[in-house]
There are 2 protein chains.
Amino acid sequence: MTPEPFQREAVRRPASIKDVAAAAGVSATTVSHVLSGNRPVNEHTAARVRSVVNRLGYVPASLARSLQAGSTSVIGLLIPDISNTFFAELAKGAEDAAHDLGYGLILCNTEFDADREDRYLGMIRSRFIDGMVYASGSPPSRRRLEALMGKFPIALADEEVEGLEGALIATADHEAGGRLVGEHLRTLGHRRALMLTGPRALRSSNARANGFVRAFRGEVLELVGDFKESSGYGLVAKLLQEGGLPEDCTAVFAANDLMAFGALLALREAGLSVPEDVSVVGFDDIRAASLAHPPLTTVHQPAYDVGRTATAQLLQYVTRGEVPPASRHTLPVELKVRGSTAPAAR
Amino acid sequence: MTPEPFQREAVRRPASIKDVAAAAGVSATTVSHVLSGNRPVNEHTAARVRSVVNRLGYVPASLARSLQAGSTSVIGLLIPDISNTFFAELAKGAEDAAHDLGYGLILCNTEFDADREDRYLGMIRSRFIDGMVYASGSPPSRRRLEALMGKFPIALADEEVEGLEGALIATADHEAGGRLVGEHLRTLGHRRALMLTGPRALRSSNARANGFVRAFRGEVLELVGDFKESSGYGLVAKLLQEGGLPEDCTAVFAANDLMAFGALLALREAGLSVPEDVSVVGFDDIRAASLAHPPLTTVHQPAYDVGRTATAQLLQYVTRGEVPPASRHTLPVELKVRGSTAPAAR
DNA sequence: TTGTAGGCGTTATCAC
DNA sequence: GTGATAACGCCTACAA
């Protein structure tokens, strides 16, 4: 048996352009041009160079290339939680857009952790990446972003940032989503509802709530949650323990699907059935929504498009090298009526 | 109103270490040492330098630093589909492990596309990243990997590669998973089953099938799918159209949850109810599994741990600079019995 | 058609 | 305690 190649080769220093040049008997310049095609090279020498390149397994060091070019052709995507399918879809859109223009995408998953966010933002300050799509669902640190947006290419996805207007933004139409839910429930005859909102600091969350309250035109009890399943569960369970839902309250609108699932669980545990006793509506249309029991009525967000649009905007900025005018893309949402809503029990 | 700072600053070339040095009246060397703490600097000069650093907003260019250091402190994670929660969890584990050691993680989402895979593998060949965790669920291009593994730090996660033995591997115990399902169904009295496998080229898929067949000890009809929901649906729907399940076949084991969902749908459309008429089992335990109707009996894979372990292995390799001995971590799986399985109808 | 020289921004080495 | 200088690996004027 031959010795492990796995072990053998790992030691060698990778070939550089000089190695190739020397082995081919030409200058580094020529090698560079053979590879880039930036200027004509004698077909004969070119062939020789290429053969050496192959033999030595030479691959240009992208670091050196980037250093000299002043850009890396890589951008970042900062999100709070990749295992949330909403962000996963958004990431997919972002990656497709990046890929289309020959850019790489670094996923920056923060887990809502400020430390991580800082570290990732450092990548843009140190110019390891050419730009950043910022899609943090956490109430973002306004200060930090503000400073950065003046100096580096940044686009906001999904979530606007209070006070930062002159920016690139792609977001779903949260207000319209809330409105659709309000109309839907009203039409079904519901007159009192419980609303589980997201963090107050998030514009998207407020927009959903506002749109809903305005369209529903009934009585709404608002409880503030944090977009996690546990908070949906906790808020509803607590309410039920303390004497049940408000009288005649026959509907629950959660500002995202995860909280809706939590609410569903709490209701079920209390012996209430959905949608017979209470209707439940979510927001996002994550994959589990249609699979749940009962299938969740929810607002479909164009997560993929949000990611794709924001990224395309950013790359326009990055590739053109000039600061584009502020722009906002508000993408349409869609109400998905499923099994978790029904006419109000009387 | 003041002119947009957003527009103003974006033009300026970022300050370099030389700019700082000049402004502070010291050499670049000193600036470097003030920032790195690599050698003592007069407290007075240090303070002056720091103030200039602040004033100029100087941040060292990580590219230049990496070029000189010979490594980037960034690794890649190559996966086929980030919106599959299995890979999302795996990614989370990988990111945590990377973060712990101060490494960044580039997400390489291939969508099962060979082109993209190539492009991402290029990042390691061009040394833009220090290593790669390879978790592609697609039948991987053996050749390409083989060549790479000899020269660059690569660890395999989730999926082994046929013929590549001398490597770092972290994977779930697929065979045991299949066995658990086989025993479970057998215990419930099932004697004939339909098995929807993944691609034949995947070891993990074969291991699941083998473990199952061996433990079930009944008659098994194997149909080859591709791990997508559509294939689970298609295979079962076709079978039902062509005369129904084989006689006395009372159970379906899909090699992953997505295909199980597809099967569920096809069965439901044909008027069969789960689990009364047919029991269905999946594999992976993605989030939707417990939310589905009925909740899916499935094999829980330690996705997070697989990602974390593989990445930790890789980083040991990368940071120590030496090729470690081949190692294999087989992580335990767990059968989650839920509502989609029941004793065989007789 | 090809080569030389300089520079991208940093850090390590060596000298003072 | 501090500074020149070289080197990391590449690209691109400029020159021949």
Side-chain angles (χ1 to χ4, degrees), chain A residues 12-50 52-53 56-74 122-130 321, chain B residues 12-50 52-53 56-74 122-130 321:
Chain A
R12 282 214 290 272
R13 177 179 63 74
S16 82
I17 197 171
K18 282 183 192 166
D19 300 329
V20 176
V26 297
S27 74
T29 305
T30 298
V31 176
S32 172
H33 286 306
V34 168
L35 263 35
S36 70
N38 275 351
R39 87 178 179 193
V41 175
N42 178 295
E43 190 42 54
H44 211 64
T45 25
R48 191 154 31 98
V49 167
R50 269 190 277 269
V52 173
V53 164
L56 267 44
Y58 169 67
V59 177
S62 51
L63 280 181
R65 190 176 265 182
S66 298
L67 178 61
Q68 119 84 30
S71 76
T72 61
S73 290
V74 175
M123 294 188 118
I124 192 174
R125 295 168 25 112
S126 71
R127 282 147 289 150
F128 190 80
I129 55 180
D130 291 348
Chain B
R12 281 213 291 272
R13 177 179 63 72
S16 82
I17 198 171
K18 282 181 191 167
D19 299 328
V20 176
V26 297
S27 75
T29 306
T30 297
V31 176
S32 173
H33 286 307
V34 168
L35 263 35
S36 71
N38 274 350
R39 86 179 180 193
V41 175
N42 179 295
E43 189 43 54
H44 211 66
T45 26
R48 191 155 31 97
V49 167
R50 268 189 278 267
V52 173
V53 164
L56 267 45
Y58 167 69
V59 178
S62 49
L63 281 181
R65 190 177 268 183
S66 297
L67 178 61
Q68 129 78 33
S71 76
T72 62
S73 290
V74 175
M123 294 189 119
I124 192 174
R125 297 170 20 116
S126 71
R127 283 147 286 149
F128 190 80
I129 55 180
D130 291 349

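Note that the structure is predicted; figures quoted are calculated from it, not measured. Naming: A, B, ... by sequence-line order, numbering from 1 per chain. Values below: every heavy atom of this structure, side chains too, minus hydrogens, waters and symmetry copies.
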Atom-to-atom span, [atom1] of [X] to [atom2] of [N] - whole angstrom:
X	N	atom1	atom2	result
A:Arg65	D:dC8	CZ	P	19 Å
A:Arg127	C:dT10	CZ	P	6 Å
A:Leu63	C:dG7	CG	C1'	17 Å
A:Tyr58	D:dC11	OH	C1'	10 Å

[N], OP1 or OP2 - any side-chain N/O from [X] closer than 4.0 Å?
X	N	value
A:Thr30	C:dG3	yes
A:Asn38	D:dT12	yes
B:Ser32	C:dT11	yes

Looking across every strand, which nucleic acid part, if any, lies under 4.0 Å from A:Ser16 by heavy atom: base, sugar-phosphate, or nothing?
-> sugar-phosphate
A:Thr45 near the nucleic acid: base, sugar-phosphate alone, or nothing, with a heavy-atom cut-off under 4.0 Å?
->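 Counting heavy atoms under 4.0 Å across all strands, the contact made by A:Thr45 is with sugar-phosphate only.
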So, the side chain of [X] versus the backbone of [Y]: is there a donor-acceptor pair under 3.5 Å, distance only?
X	Y	result
A:Thr72	A:Ser66	no
A:Ser62	B:Ser126	yes
A:Arg127	B:Val59	yes

Base C:dG3 paired with A:Arg39 side chain (donor-acceptor, <3.5 Å) = yes
Ranking B:Ala64 and A:His33 by the position along DNA chain D of their nearest nucleotide, the one closer to 5' is B:Ala64
5'-most contact on DNA chain D: B:Gln68 or B:Glu43, nearest heavy atom basis?
->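 Per heavy-atom nearest nucleotide, the more 5' residue is B:Glu43.
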Closest-nucleotide ordering on DNA chain C, the 5'-leading residue of B:Leu67 and B:Thr29 = B:Leu67
Nucleotide nearest B:Ala61 when distance is taken to its side chain, options C:dT10, D:dC10, D:dT2 = C:dT10
Looking at OG1 of A:Thr45 and CZ of A:Arg50, how far apart are the two atoms once the value is rounded to the nearest 0.5 Å?
->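 Atom-to-atom, A:Thr45:OG1 and A:Arg50:CZ are 9.5 Å apart.
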